[in-house]
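All chains are named by letter (A, B, ...) in the order of the sequence lines, taking the proteins before the strands, and each is independently numbered beginning at 1.
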There are 2 protein chains.
Amino acid sequence: MISLKQLRYFDAVAREKHFGRAAEQCAVTQPALSMQIQDLEQQLGTQLLERGRRGVMLTESGREIAERAAKVLTDIRDIVDFARHQGDVPAGRLHLGVIPSIAPYILPPLLPVLREQYPDLDLHLRETQTQHLVRELLDGQLDLLLLGLPVEDPHIETAALFDDRFLLATSKSHPITANLRATPEMLEQDRLLLLEEGHCMRDQALAVCDLQRVGNLDTSGSSSLSTIVQMVANGLGITLLPELCLDVESRHGAINVIRFADPEPSRTIGLAWRRSSPRKPHFVELGKLIKAVGNRQPPAASA
Amino acid sequence: MISLKQLRYFDAVAREKHFGRAAEQCAVTQPALSMQIQDLEQQLGTQLLERGRRGVMLTESGREIAERAAKVLTDIRDIVDFARHQGDVPAGRLHLGVIPSIAPYILPPLLPVLREQYPDLDLHLRETQTQHLVRELLDGQLDLLLLGLPVEDPHIETAALFDDRFLLATSKSHPITANLRATPEMLEQDRLLLLEEGHCMRDQALAVCDLQRVGNLDTSGSSSLSTIVQMVANGLGITLLPELCLDVESRHGAINVIRFADPEPSRTIGLAWRRSSPRKPHFVELGKLIKAVGNRQPPAASA
DNA sequence: TTTTATCATCAGATTTTCTGATCGGTATGT
DNA sequence: ACATACCGATCAGAAAATCTGATGATAAAA
């Protein structure tokens with residue numbers, strides 16, 4: 001089997017046209033180099049060098065093979081360089097999964113920042129529900145998740161980024177609009193509109209109600225907060241909105257948004273990755289950026 | 001130092017996603033492969049593989065490096081293939097030196113044949129006098145010479161191809177035209193036109209005369225047989241022509257050409273190469289071709 | 001002729017690499 | 001819950017490869 005060492009030695013000889021100097025360059029003795037060259041010639045079944053009185057000269061095969069060898073050695077150097085300067089900064093392909101109740105609100109401001117900060121990062125996005133994200137993460141189809149914590153899995157490590165308060169959203173004409181602070185009890189007074197089954201925000205919203213009252217729930221469920229906001233605006237019910245989405249969803253002013261009385265219910269947004277992933281430092285790095293973007297969202301709102 | 005073995009093992013793992021099977025493919029035990037992979041990862045300062053419960057998966061760096069490694073391994077295979085299928089047939093760059101009294105007559109028919117028989121042969125031609133050819137051969141600037149033998153040099157090996165008879169060329173109106181066979185003595189009767197100093201044919205022609213008569217020599221000498229033939233045709237003297245050139249030089253019928261009486265004087269055309277050259281088999285091969293082409297020249301001539 | 005330069009060869013020392021046994025951890029099936 | 005199978009890591013000793021330093025052979029230079 002031909003080895004890189006042989007190519008390195010041969011490359012040195014091809015450049016120096018002299019075994020002694022080549023050996024010196026390679027930091028070995030001349031016999032060692034001689035033997036490797038001979039072995040290489042035997043492996044290749046060709047004489048690469050003409051040992052003559054006027055030093056060494058390359059045979060025709062030798063010339064061609066020296067060129068190819070030099071190219072291989074360059075490629076090898078590139079591999080090492082690439083690997084070494086890897087790790088410094090998030091780069092390469094990164095498959096990021098985001099839940100639907102975050103994606104539309106975090107990604108628009110986040111993506112430009114990412115592109116600027118980490119131009120070598122080749123981001124691939126996937127938006128779906130937590131359970132699917134987790135499975136795809138474990139399967140290796142995704143590398144990193146942005147979702148609501150906690151994620152309970154022994155193979156997954158998470159990092160919290162920031163808390164995202166829940167706010168009560170009602171129609172402009174709704175009677176409870178007068179209140180300064182909402183309470184969970186108010187949720188019982190009207191039909192509660194939630195995302196369809198499987199969305200973590202649905203479960204979190206139900207948790208806020210503290211009980212499994214299915215009575216005043218819209219049974220169908222919607223697949224996006226936007227749709228729910230439209231419904232709320234048209235008096236079809238009330239809902240909980242994450243503070244994160246306010247900037248987008250209340251921009252048109254068609255709904256009222258009321259903060260809860262203390263303790264304000266909230267969800268924790270965080271990152272998740274395979275415990276076995278070596279990119280944790282990058283993920284933490286990215287987390288800082290996402291946190292910064294998340295906090296740049298309006299810090300509070302009451303109308 | 002990173003080694004090809006490591007890349008080979010890593011490539012196998014990248015394809016198999018399984019240390020055991022990869023090791024089997026590489027015909028080593030799993031620990032051996034494991035250790036090489038670990039060493040590679042350390043050399044590169046990057047984790048290449050994520051060892052997970054669902055088998056092994058490549059990290060992002062791993063994927064990139066696996067691709068590059070595969071490419072390097074392919075290049076290596078190409079080098080070996082190239083080298084192995086080398087030697088079969090004359091190919092690659094070949095610097096051929098030819099003396100001026102052969103080149104114009106052998107090359108026109110030879111080159112098309114060469115191109116057809118050995119399409120991978122990249123022929124570079126040099127036409128000059130023997131002494132220069134020999135020096136350039138020893139210097140490695142030329143690989144093979146086509147010239148008149150013998151060549152006396154301990155570092156040069158030669159192979160005779162065919163004999164090339166000398167013929168006496170006179171003008172149409174010359175009195176000795178009547179003779180059926182020429183003799184060396186006839187050369188004394190008229191001015192002998194020869195190539196300039198340094199051409200082997202000049203020396204060979206003088207040898208035919210058996211003596212160093214400079215009396216009736218054209219002192220200047222010409223640099224090509226064509227010119228001499230013109231001079232002969234115009235009655236400026238006589239000359240010796242190699243049979244090889246007849247087809248070209250007597251085509252126009254402006255001169256008379258007479259064979260010598262036995263023993264017919266001749267020169268031996270042959271090949272010469274550095275004794276240290278590994279391409280001797282190719283040269284012998286090429287020699288057969290040149291011989292065939294040389295013999296296809298008119299076998300004799302008397303007018 | 002002697003000297004110098006250069007690559008090849010050789011034996012023994014050194015280093016690298018491999019094997020075979022074993023460990024620890026995880027997933028799977030009962 | 002337990003037993004089992006699987007997988008990669010680890011380790012010590014064996015085997016193989018590589019290197020060194022001395023020497024040889026040959027050709028060019030002095």
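- Taking a cutoff of 4.0 Å between a charged side-chain nitrogen and a carboxylate oxygen, A/Arg274 and B/Glu50 qualify as a salt bridge.
- To the nearest angstrom, P of C/dT26 lies 12 Å from CG of A/Asp153.
- A salt bridge links A/Glu60 and A/Arg63; the closest N-O separation between the charged side-chain nitrogens and carboxylate oxygens is under 4.0 Å.
- You'll find the side chain of A/Leu145 stays beyond 4.5 Å of the side chain of A/Val98, heavy atoms only.
- No more than 12 heavy-atom neighbours from other residues, nucleotides or ligands sit within 6.0 angstrom of CD on A/Glu24.
- Residue A/His155 has no polar side-chain atom (N or O) positioned under 4.0 Å from OP1 or OP2 of C/dT26.
- For the pair A/Lys17 NZ and C/dT6 C1', the computed distance is 16 Å after rounding to whole Å.
- No donor-acceptor contact under 3.5 angstrom links the side chains of B/Gln141 and B/Arg126, judged on distance only.
- Applying the ring pair (Phe, Tyr, Trp, His ring centres under 6.0 Å) test to every pair with at least one member in residues 128-163 of chain A, sequence neighbours left out, gives no pairs at all.
- The stretch residues 40-48 of chain B has no heavy atom under 4.0 Å from DNA chain C, so no residue of it qualifies as close.
- Here chain A contacts DNA chain D (any atom closer than 4.0 Å to a heavy atom, that is under 4.0 Å), and the contacts span D/dT18 to D/dA28 from 5' to 3'.
- Side-chain atoms of A/Leu94 and A/Asp122, non-hydrogen and from C-beta on, never get closer than 4.5 Å to each other.
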- What string of B, S and - do you get for nucleotides 9-17 of chain C, 5' to 3', if B is base contact, S is sugar-phosphate-only contact and - is no contact with any protein heavy atom under 4.0 Å? BB------S
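- Distance B/Phe19 CZ to C/dC23 P: 21 Å, rounded to the nearest Å.
- OP1 or OP2 of C/dC7 has at least one side-chain nitrogen or oxygen of A/His18 nearer than 4.0 Å.
- Counting only heavy atoms from C-beta outward, the side chains of B/Val284 and B/Lys280 approach each other to under 4.5 Å.
- The CE-P distance, from A/Met1 to C/dC18, rounds to 13 Å in whole Å.
- Residues passing the ring pair (Phe, Tyr, Trp, His ring centres under 6.0 Å) test with B/His124, sequence neighbours excluded: B/His95.
- Counting heavy atoms of neighbouring residues, nucleotides and ligands inside a 6.0 Å radius, atom CD of B/Glu16 exceeds 12 of them.
- Using a 3.5 Å distance cut-off with no hydrogens or angles, the side chains of B/Ser101 and B/Arg267 do pair a donor with an acceptor.
- Comparing the end axes of the helix from C/dT1-D/dA30 to C/dT30-D/dA1, each fitted to five base pairs by superposing C1' atoms of four pairs onto the next four, gives an inter-axis angle of 20° (nearest 10 degrees).
- Side-chain contact check for A/Leu48 versus A/Leu58: every heavy-atom pair is 4.5 Å or farther apart.
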- Item | Residues A/Arg68, A/Glu64; criterion salt bridge (Lys or Arg N to Asp or Glu O under 4.0 Å); working and verdict | CA-CA 6 Å; A/Arg68 293 175 184 241; A/Glu64 171 76 24; 2.8 Å; yes
